Amino acid sequence: MEKGTLRVKTGFAEMFKGGVIMDVTTPEQAKIAEEAGAVAVMALERVPADIRAQGGVARMSDPKVIKEIMAAVSIPVMAKVRIGHFAEAMILEALGVDFIDESEVLTPADEEHHIDKWAFKVPFVNGARDLGEALRRIAEGSAMIRTKGEAGTGNVVEAVRHARNVMKAIRRIQGMREDELMAEAKNLQAPYELVRYVHEHGRLPVVNFAAGGVATPADAALMMHLGMDGVFVGSGIFKSGDPARRARAIVRAVTHYNDPEILAEVSEDLGEPMVGINLDELSEEERMARRGW
Amino acid sequence: MSEAKNVGVLALQGDFREHKQMLERLGARVREVRLPGHLEGLGGLVVPGGESTTIGKLAAEYGLDAAVREAYQAGGLAVWGTCAGAIWMAREILDYRQPHLGIMDIAVRRNAFGRQVDSFEADLEVEGLDAPFRAVFIRAPEIVRVGEGVRVRARYQGRVVFAEQDRLWATAFHPELTGDDRLHREFLERLVAS
């Protein structure tokens, strides 16, 4: 019997496909998410919109908060660590968290190195803005990729940009001659073997979710149409007027993303969405997606 | 197979793509099933791994679970659930109340082998297969009780992980995550009539 194998880690991520993973800060919110049909919850002290508003250093959540949320629901529980902060990751693994998000939403602990994720039994998810970044994280042992988007803004534009970047690059590599792959690996600053994988299979070797700015069922459906395997929703649910209703609607929108009548039905009468931030109101320093490389 | 068989993969949530690819490689005509109308003309349905609470809730909408039950009881449809799919098919789910199909006379316990850090793979002796099957268990359920007429096909450390009843299969592990297509082949050849 072998635990923590690559197949067990990436296979677990496959189980999230077509699903919605929701940020929650309390056991009550976690139950609302589970009831709405979330495939997992991300246990946090503060959602990205609040991290953004309050400033300061954002760190791993208090283990007590995470344990309470793990006790409240039967679905998988994820939690975030700072980029490069492997000691925080060791703590989360010891708590028995199901997945770790090495996240740019928290303040980076290391501006040069990401965590060596092969050293852990628990699987990791990482953000990426383009294919090179995604393949570097996979080479470090990441079992799941998500777009960075721009968390806590309620604005989907960056998630769309990152999803299109990745999918466009995949299509380009698929169409290449074999003798062009090494130069492409050099350009992407990504391992040759992974570039080869993309060339042969036309997709990443792990699942690829949308994250960072999804606020409505239509946003979620848009990301699915762009080729994402599922959706993370952070501030978009519990910063809206009627979280239970919106959560339920986004879950339905991801499953039935290709059925406009169902999308119309679930989009109706959801109350106020989160207010949202236009990206040109953010300075370069305020952009979380710039963190990590 | 002389004529291609028509099989559906429940595509509400989970790793339905892996099942679909495997069945297509074996020559089946595969359809993604999200609404009751998609069941028409199918001889078999595979319910993938995923999150069982999510699949159960989504299947309870638009009458999909009732339509699957009806298609099975009318005698035609073979149904195979893997992991979350097996939970969905079970008559009884211990400790949790969640919407489910309940057509198979088994009781299951969710997450019976622990959380994700305890997920594992192992070689499994499966009744009817000539060589061990590499089985991937991910936050896997255990089949804790089987009714009369249910045949146990595999146990892991004494715990039931594969059961068969009539045209129904429940596996606690994920054959779709390995390259081994022996179970998909048997499902198509032996359980799916058309």
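Residue numbering restarts at 1 for every chain, and letters A, B, ... go by the order of the sequence lines. Please read all numbers here as calculations on a predicted model, not as lab measurements.
The two residues B/V117 and A/E93 come nearest to each other via the heavy atoms CG1-CG, 4.3 Å. Closest approach of B/L177 to A/M15, counting heavy atoms only: CD1-CE, 3.7 Å. When all heavy atoms of B/A122 and A/M1 are compared, the pair lying nearest together is CB-CA, 4.3 Å.
Heavy-atom pairs under 4.5 Å with chain A were tallied for B/L35, B/L58, B/I55; the largest tally goes to B/L58. In terms of non-hydrogen atom pairs under 4.5 Å with chain B, the most contact-rich of A/P123, A/G230, A/S74 is A/S74. Heavy-atom pairs under 4.5 Å with chain B peak, among A/V251, A/T10, A/I262, A/V77, at A/I262. The choice from B/E176, B/E121, B/E61 that makes the most heavy-atom pairs within less than 4.5 Å of chain A is B/E121. Ranked by non-hydrogen atom pairs under 4.5 Å with chain A, the options B/Y62, B/F16, B/Y156, B/Y96 are led by B/Y62.
Heavy-atom contacts from other residues, nucleotides or ligands closer than 6.0 Å to CZ of A/R164 number 12 or fewer. Crowding of A/M90 atom CE: a count of heavy atoms from other residues, nucleotides or ligands under 6.0 Å not exceeding 12. Annotation for A/F86: atom CZ does not count as buried by contact number, only 12 or fewer foreign heavy atoms lying within 6.0 Å. Under a cut-off of 6.0 angstrom, the local environment of CD in A/E261 is sparse, with at most 12 non-hydrogen atoms contributed by other residues, nucleotides or ligands. With a 6.0 Å radius and a threshold of 12 heavy atoms from other residues, nucleotides or ligands, B/E24 has its CD atom above the threshold. In this structure, B/E70 places its CD atom where only 12 or fewer heavy-atom neighbours from other residues, nucleotides or ligands lie under 6.0 Å away. When the shell of 6.0 Å around CZ of B/R110 is examined, it contains more than 12 heavy atoms from other residues, nucleotides or ligands. By the neighbour-count criterion of 12 heavy atoms within 6.0 Å, atom CD of A/E35 is sparsely surrounded, having that number or fewer from other residues, nucleotides or ligands.
The pair A/D98-B/R115 meets the salt-bridge criterion, with a side-chain N (NZ, NE, NH1 or NH2) lying under 4.0 Å from an Asp/Glu carboxylate O. A/E34 has no carboxylate O lying under 4.0 Å from a charged side-chain N of B/K57, or vice versa, which leaves the two without a salt bridge. A salt bridge is defined here as a Lys NZ or Arg NE, NH1 or NH2 lying under 4.0 Å from an Asp or Glu carboxylate O, and B/D118 with A/K121 fails to meet this definition. Using a cutoff of 4.0 Å between basic side-chain nitrogens and carboxylate oxygens, B/E51 and A/K17 are not scored as salt-bridged.
Put simply, the side chain of A/T5 does not reach to within 4.5 Å of the side chain of B/V136, judged on heavy atoms. When side chains are defined from C-beta on, A/K3 counts as touching B/F120, because their heavy atoms get closer than 4.5 Å.
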query: After noting the C-alpha distance and the side-chain angles of A/E14 and B/I138, does the key distance pass the side chain to side chain contact (heavy atoms under 4.5 Å, CB included) rule?
result: CA-CA 11 Å; A/E14 302 285 348; B/I138 295 175; over 6 Å; no
message: Quick one, A/V97 with B/Q116, criterion side chain to side chain contact (heavy atoms under 4.5 Å, CB included). Give me CA distance, side-chain angles, the key distance, then yes/no.
response: CA-CA 8 Å; A/V97 159; B/Q116 174 59 16; over 6 Å; no
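Centroid-to-centroid, the aromatic rings of B/H174 and A/F12 stay 6.0 Å apart or farther.
For chain A, no part of B/S52 is nearby; none of its heavy atoms comes within less than 4.5 Å. Residue B/S119 touches chain A through both its backbone and its side chain, counting heavy-atom pairs closer than 4.5 Å. Of the two parts of A/V20, neither the backbone nor the side chain holds a non-hydrogen atom closer than 4.5 Å to a non-hydrogen atom of chain B. If you measure heavy-atom distances from A/A38 to chain B, the contacts under 4.5 Å come from the backbone alone.
Using modelled atom types, one finds no donor on one side chain facing an acceptor on the other under 3.5 Å when comparing A/T255 with B/R34.
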